[in-house]
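Working notes, structure below.
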Amino acid sequence: GLIFVILMDPENKFRLMRIFGFVSDSTDYQSAALYQSRQSLYAFALGGYSGVGLFRSRQKYTNLPEAYTDFIFSVIAEEFGFIGTFIVILLFIIYIYRGYMIAFKATNYFDKFTAIGLTTYIGIQAFFNMGVCAKILPVTGITLPFISYGGTALVMALVSTAILLKISKEGTV
């Protein structure tokens, strides 16, 4: 009920349009609600299997807004193709696996829960960014950890990793 009231507020009309644009099968190429997602999918399509090459992305220079932050995964898909996106996804899976193994081996509950929380934070942020770029999720504006441009996001990802490494060094059996 509360979400409906918030979305029906005239000042939040853009949120409602973005949600409807996400779930619609509209072929309206001029739709502002679908523009970012459509350009992101074009970048994926242009990348193909092996990509167009480093610094040869056309979408990031012309059509894809916020290509260096919110849609960096689309640029990776265009420049490095399926192989590059698979490697990035694999690296995040390894990071998440290692983070949970650090939590599993920690000797006290505080370290366990801290490691689980930090690993989940990085994993969910990566999943949301990749999901937005692949149009699995609506556009949210969440950056890709360790890769997107932006000082605060990078610093927080590095601090989280440093804490995980500290737990790994001191908190194992």
Side-chain angles (χ1 to χ4, degrees), residues 2-3 6-7 12 14-15 18-19 22 35-37 39-41 43-44 47 51-57 59-61 63-173:
L2 180 62
I3 295 173
I6 291 172
L7 289 176
N12 293 327
F14 71 94
R15 288 188 182 106
R18 185 168 278 189
I19 291 169
F22 172 72
Y35 182 77
Q36 291 173 309
S37 296
Q39 295 304 320
S40 177
L41 291 178
F44 273 87
V52 296
L54 186 62
F55 301 119
R56 294 181 183 237
S57 170
Q59 289 295 96
K60 75 177 174 183
Y61 293 120
N63 299 323
L64 192 59
E66 304 302 325
Y68 52 90
T69 58
D70 300 350
F71 289 95
I72 192 70
F73 191 65
S74 300
V75 174
I76 292 170
E78 185 179 4
E79 291 184 354
F80 299 106
F82 174 76
I83 296 169
T85 56
F86 179 75
I87 290 171
V88 170
I89 291 170
L90 185 65
L91 289 172
F92 276 110
I93 289 171
I94 292 169
Y95 182 92
I96 293 165
Y97 172 76
R98 294 296 302 149
Y100 286 141
M101 289 307 297
I102 290 169
F104 179 72
K105 294 179 181 179
T107 55
N108 63 47
Y109 286 118
F110 181 78
D111 288 347
K112 283 182 187 290
F113 292 138
T114 302
I116 288 170
L118 294 175
T119 303
T120 303
Y121 152 70
I122 295 292
I124 288 175
Q125 188 174 351
F127 171 76
F128 268 79
N129 182 275
M130 291 179 206
V132 164
C133 291
K135 202 179 180 241
I136 296 170
L137 299 169
V139 178
T140 57
I142 294 177
T143 59
L144 188 62
F146 307 111
I147 299 174
S148 292
Y149 175 81
T152 306
L154 179 62
V155 167
M156 292 311 297
L158 292 175
V159 167
S160 298
T161 304
I163 293 170
L164 278 173
L165 290 173
K166 181 80 169 169
I167 292 170
S168 174
K169 181 181 177 193
E170 294 182 355
T172 56
V173 175

Could you tell me whether a side-chain N or O of [X] sits under 3.5 Å from a main-chain N or O of [Y], the two making a donor and an acceptor?
{"X": "Asn129", "Y": "Asp70", "answer": "yes"}
{"X": "Lys112", "Y": "Phe104", "answer": "yes"}
{"X": "Gln59", "Y": "Val75", "answer": "no"}

What's the separation between atom [atom1] in [X] and atom [atom2] in [Y], rounded to the nearest 0.5 Å?
{"X": "Met101", "Y": "Leu164", "atom1": "CE", "atom2": "CG", "value": "13.5 Å"}
{"X": "Leu165", "Y": "Arg98", "atom1": "CG", "atom2": "CZ", "value": "10.0 Å"}
{"X": "Phe92", "Y": "Phe127", "atom1": "CZ", "atom2": "CZ", "value": "13.0 Å"}
{"X": "Ile102", "Y": "Thr114", "atom1": "CD1", "atom2": "OG1", "value": "12.0 Å"}
{"X": "Thr119", "Y": "Ile124", "atom1": "OG1", "atom2": "CD1", "value": "11.0 Å"}

side-chain contact (heavy atoms from CB on, under 4.5 Å) for Ile76 and Ile147? Distances and angles first, verdict last. CA-CA 10 Å; Ile76 292 170; Ile147 299 174; 3.9 Å; yes
Who pairs with Tyr100 by side-chain hydrogen bond (donor to acceptor under 3.5 Å, both in side chains), at least two apart in sequence or on another chain?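 With sequence neighbours excluded, Tyr100 shows a side-chain hydrogen bond (donor to acceptor under 3.5 Å, both in side chains) to Thr120, given in chain and number order.
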Could you name each residue pair satisfying side chain to side chain donor-acceptor pair (under 3.5 Å) that touches residues 153-165, not counting sequence neighbours?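 Side chain to side chain donor-acceptor pair (under 3.5 Å) check on residues 153-165 returns Tyr95-Thr161.
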Show me the pairs that pass side chain to side chain donor-acceptor pair (under 3.5 Å) and involve residues 73-88, at least two apart or across chains.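 Every pair satisfying side chain to side chain donor-acceptor pair (under 3.5 Å) with a residue in residues 73-88: Ser40-Ser74, Ser57-Glu78, Lys60-Glu79.
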Can you check side-chain contact (heavy atoms from CB on, under 4.5 Å) on Leu137 and Phe128, steps first, answer last? CA-CA 7 Å; Leu137 299 169; Phe128 268 79; 3.9 Å; yes
Return yes when atom OH of Tyr121 has more than 12 non-hydrogen atoms of other residues, nucleotides or ligands closer than 6.0 Å, and no otherwise.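 Yes - once you tally the heavy atoms of other residues, nucleotides and ligands closer than 6.0 Å, there are more than 12.
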Test log, rule side-chain contact (heavy atoms from CB on, under 4.5 Å), inputs Phe44 and Phe73: CA-CA 9 Å; Phe44 273 87; Phe73 191 65; 3.7 Å; yes
